[in-house]
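First comes the structure, then the notes that go with it.
Below, chain A is the first sequence line, B the second, and so on; all start at residue 1.
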Amino acid sequence: MLTLNLLRENPELVIERLKIKNFDAKKHVEQIIELDINRRELQFESDALLAEMNQLSKEIGILFKEGKQQEANTVKNKTVEIKERIKELSSKSDEVNNKLNEILVQLPNMPSVMVPMGRTPEDNVVVRKGGEMPALGNKVMPHWDLASKYNIIDFELGNKLTGSGFPVYKGKGARLQRALINFFLDQNIAAGYQEFLPPYMVNEDSAYGTGQLPDKEGQMYHATLDNFYLIPTAEVPVTNIFRDVILNDSDFPVKCTAYTPCFRREAGSYGKDVRGLNRLHQFDKVEIVQIQKPENSYQALEEMVNHVESLIKKLELPYRILKLCGGDMSFTSALTYDFEVYSAAQQRWLEVSSVSNFESFQSNRLKLRYKDKSGKKTILAHTLNGSSLALPRIVAALLENNQTNDGILMPQSIVPYTGFSILD
RNA sequence: GGAGAGAUGUCCGAGUGGUCGAAGGAGCACGCCUGGAAAGUGUGUAAGCUUCAAAAGGGCUUCAUGGGUUCGAAUCCCAUUCUCUCCGCCA
């Protein structure tokens, strides 16, 4: 959620920048400014009346103490009218506040100046490429075929147990999952991130805090009996750790990492794009989250990008890093880098990580602030997060790119975790 | 799941209708004291809103949350949530 302050002081900037996201904010901003003025008028009036009421109540108290019943009652009568007026004002002001909030949450985050213009994924900018494209023969198999060839992932069994999009990993396939999770976590910890193991379900407040609610309700599984939501990413519980928190200057940098399964309902599309591990309802992911002072957040973003890149390098996968254009960015992000690895048999790039700076967009909603050195001001912190990494597509690329006649070769870096160097 | 007790500031804890944003203590910050430290001592110590204000300061709101009673609520009533104790169940 954008801050009212920004909208008040620099409405033109907001409108201008949101054009990069192909969002016409003119009407919204106008309404917000009007409602804000209205809101303050109402509050001004009602504050004055409340002050008067408080004064009168005190007087009544004193009069009663002095035994002047008569006079006390006279003053009492005066309060009736004021009380009514206050009630009126407060219901009006509730209405205005609700409307204001309703519009405010419709505004996407302002993209950073670094965000390129564009509408579609084609307009994203490739900032770096790395790794070697695999030289495979023409008998390459897609990962879903490899998965059954080596009996490591059973999609059919998942259908039986739950439904489509819930695969069962078996044998070395299961071991590979566990290996990757531990490898990623260890790497993150070595880079200074503190490990968390959060709940996999969150309450409404948390879902609202990171912006899944109110509008993206359909993307989450909902346990209605208890009104809990299954987390679509570890970002939700981990970022919400800091909901309603005021950090000290000395607490920075805050760097967290967590492994969780992720649950996504995803509106169904069919075919090649969602085949195999490409898109699932439940998958594993290790996430990194940082909370930073505004002046450091873009430096932290670079650091996170470099860190995620180092992981992919250690997995020896061909990759590219994209800076997302305005049209392809998420609602909440100010600047996003996507990481894609090349999947040899499918001959396509698969997104395996998305690293974003949200600036104060999330923290405004979360009320995540810090006290500056002077201890006088509380300032909204910046939040950032990224996947490091999402497993299924990494596994897909590893299987496809590293297939040989003898089995699938594991990159050296994860052999200590898998306990085998060839999956056969 | 059943029965009971409770929820107050960074923490502990007082407060059962009137000047209470809240005693007292701890912690923390700054000062005095000290050769330095401890002890002692003094001062300060929440957040949000604000077409009051240049600022200092002022006004309003907030004692789990949401409603209600009242001129006036931390205090009374109702609902919800959470915590603790006992019982039951259980990895």
What protein N or O atoms touch nucleotides 53-60 of chain B N or O atoms at under 3.5 angstrom, if any, and at what distances?
residue: rG59(B); atom: N2; partner: Asp47(A); partner atom: OD2; Å: 3.0
residue: rC60(B); atom: OP1; partner: Asn54(A); partner atom: ND2; Å: 3.2
residue: rC60(B); atom: O2'; partner: Asp47(A); partner atom: OD1; Å: 2.8

Protein-nucleotides 18-20 of chain B N/O pairs closer than 3.5 Å?
residue: rG18(B); atom: N2; partner: Ser57(A); partner atom: O; Å: 2.7

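Of the residues in residues 244-255 of chain A, those placing a heavy atom less than 4.0 Å from an atom of RNA chain B are Ile246(A), in numerical order. Within residues 358-365 of chain A, no residue has any heavy atom closer than 4.0 Å to RNA chain B.
Taking Glu16(A) as the reference, Lys19(A) meet the salt bridge (charged side-chain N to carboxylate O under 4.0 Å, His left out) condition, with sequence neighbours excluded. Shown here are the side-chain hydrogen bond (donor to acceptor under 3.5 Å, both in side chains) partners of Lys285(A), two or more places apart in sequence or in another chain: Thr233(A), Glu287(A). Applying the salt bridge (charged side-chain N to carboxylate O under 4.0 Å, His left out) criterion to Lys58(A), with sequence neighbours excluded, gives no partner residue. With sequence neighbours excluded, no residue satisfies salt bridge (charged side-chain N to carboxylate O under 4.0 Å, His left out) with Arg119(A). With sequence neighbours excluded, no residue satisfies ring pair (Phe, Tyr, Trp, His ring centres under 6.0 Å) with Phe263(A). Here Lys323(A) pairs with nothing under the salt bridge (charged side-chain N to carboxylate O under 4.0 Å, His left out) rule; sequence neighbours left out. For Glu84(A), there are no side chain to side chain contact (heavy atoms under 4.5 Å, CB included) partners two or more places apart in sequence or in a different chain.
For residues 406-424 of chain A, the side chain to side chain donor-acceptor pair (under 3.5 Å) pairs, not counting sequence neighbours, are Lys172(A)-Asp424(A), Asp186(A)-Tyr417(A).
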